[in-house]
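Below, chain A is the first sequence line, B the second, and so on; all start at residue 1.
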Protein chains: 2
Amino acid sequence: MPPDSTDTRRRLLDAAFEEFASHGLAGARVDRIAELAKANKRLIYAYYGNKEELFDTVMVRSLVVLADAVPFAADDLPGYAGALFDHMVAHPEMVRLTMWKLLERPNVSAAEVEAYRPKVQAVADSQADGRLDPDADPVDVMILVIGLVAAWFTSSPALRALATGERSDVQRLAEHRAALIRAVAQMADNRTSGDDSVGHRLST
Amino acid sequence: MPPDSTDTRRRLLDAAFEEFASHGLAGARVDRIAELAKANKRLIYAYYGNKEELFDTVMVRSLVVLADAVPFAADDLPGYAGALFDHMVAHPEMVRLTMWKLLERPNVSAAEVEAYRPKVQAVADSQADGRLDPDADPVDVMILVIGLVAAWFTSSPALRALATGERSDVQRLAEHRAALIRAVAQMADNRTSGDDSVGHRLST
DNA sequence: GTACCGTAACTAACTAGTTATTGACAGCGT
DNA sequence: ACGCTGTCAATAACTAGTTAGTTACGGTAC
């Protein structure tokens, strides 16, 4: 059997994931990645080209893992929101990585667009079938739902620190999760949006 | 009168704001800041100590500007959301700066906590008066509203690229704004949340 | 069996260029 | 004489990427 490099490759990707999630693209150190992976720095360039390409590779893998772990459900956006939130809680590094990418590598890869397309289409179908509020562009629905799910992680620690009462972190998280799911339900359910009785100005 | 350095100080802050918003703390270059400010690099250290303290100073000023520009209104969360969204659209660098801070300097300053406290209290008051859905912790209400407002900016460019139809960027933005405000209204209005008829599981 | 060879996996040490930070010093108003 | 504003040039530490190898190992001719 010829020598096998797959394990070294995986170790490098794992280490890069940690390093990039912690420090971002500019802040990450190639030497630290190699050290953490217990591999030689040269191999990073042999297998992944350079630091940026390594980042892209890590990013793609992270999105694949996410897609496998949290199936999209346009018919049950609250359920989807809950599952996505749980995944984010379990993998906060993934959330950080996504934010780093948004700031440091805001390129639009065709693969990512195609990954979103069926989800947007599913939302559009649900709207057409009357299962979902049809007023908003399906893309906006997606953006807002994901924004709600991510709100906990994108919010200021200073704001989170103001939580009233004395609850454990798990209780706190569970309570936020419930509020989040309620918000998604109210937003998505077309029973609450069909009438225009909501007493707020909707523009300007 | 001794020579006045206030103008140089302001130029340095402005330049630092741009540089930090573009590249973050680790990616920012002190030389570029000095060059953009048309000031000597040494003055950064004379006036602001070092790179990190300069970042903190820029951050504080940015939050003050935001607080002055967008007054909080617990009674009219949809209106507040719209105003906050408009400010973010007008100042996307501020949004980026906030994200950088979250990733690179997630320290909780007492000043920031105190800035949030009256807002949270105002939400709690509105809940007590029955003007707002009292089910959720006021902190969660704040987190979710801000998360909704920021959703446009934190969403993946790949997802935004999928917008249906052919509209100009301003039309696109206005439509998202409307959907956002509708979402905040549905979430905040206690008329829609009092009954538990929403047909979704709310936990696990 | 074994000496040889090609190739894939891996390594140590280096280079060339940046980077934040500082030391030494000059002008100027009081 | 002194404090504030500002300049210039150094420096010590780092960093991405590279050069020039060595080691491990299966196949192959003999």
Send over the distance from [X] [atom1] to [N] [atom2], rounded to a whole Å.
{"X": "A/Ile44", "N": "C/dA12", "atom1": "CD1", "atom2": "C1'", "value": "15 Å"}
{"X": "A/Arg42", "N": "D/dT23", "atom1": "CZ", "atom2": "P", "value": "18 Å"}
{"X": "A/Leu12", "N": "D/dG17", "atom1": "CG", "atom2": "C1'", "value": "15 Å"}
{"X": "B/Leu43", "N": "C/dT22", "atom1": "CG", "atom2": "C1'", "value": "13 Å"}
{"X": "A/Asn40", "N": "C/dT11", "atom1": "CG", "atom2": "P", "value": "5 Å"}
{"X": "B/Lys41", "N": "C/dT19", "atom1": "NZ", "atom2": "P", "value": "10 Å"}
{"X": "A/Ile33", "N": "D/dG17", "atom1": "CD1", "atom2": "C1'", "value": "13 Å"}
{"X": "B/Tyr45", "N": "C/dT22", "atom1": "OH", "atom2": "P", "value": "7 Å"}

Count the heavy atoms belonging to other residues, nucleotides or ligands that lie under 6.0 Å from CG of A/Asn107, then report whether that count exceeds 12.
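Atom CG in A/Asn107 is packed in, count exceeds 12.
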
Measure up the A/Phe55 and A/Phe20 rings against each other and bin them: parallel (under 30°), tilted (30 to 60°), perpendicular (over 60°).
perpendicular

Ring geometry between A/His176 and A/Phe85 (parallel below 30°, tilted from 30 to 60°, perpendicular above 60°)
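It falls in the tilted class, 30° to 60°.
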
B/Met142 backbone acceptor or donor facing B/Lys119 side chain under 3.5 Å
no

Check the phosphate of D/dT5 against B/Thr8, side-chain N and O only, distance under 4.0 Å to OP1 or OP2. Yes or no?
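Indeed not, no polar side-chain atom of B/Thr8 lies that close.
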
Checking salt bridge (charged side-chain N to carboxylate O under 4.0 Å, His left out) between A/Arg105 and each of A/Glu52, A/Glu112, A/Glu53, which is the one that passes?
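That would be A/Glu52.
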
Can you tabulate the close N/O pairs, meaning under 3.5 Å, that link protein atoms to atoms of nucleotides 11-15 of chain D?
from   : atom 1 : to      : atom 2 : distance (Å)
D/dT15 : OP1    : A/Arg29 : NE     : 2.5
D/dT15 : O5'    : A/Arg29 : NE     : 3.4

Lys/Arg cation over aromatic B/Trp152: B/Arg160, 6.0 Å, 45° cone:
yes

Closest to side chain of B/Tyr47, choosing from D/dG6, D/dC8, C/dC10:
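So the side chain of B/Tyr47 is nearest to D/dG6.
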
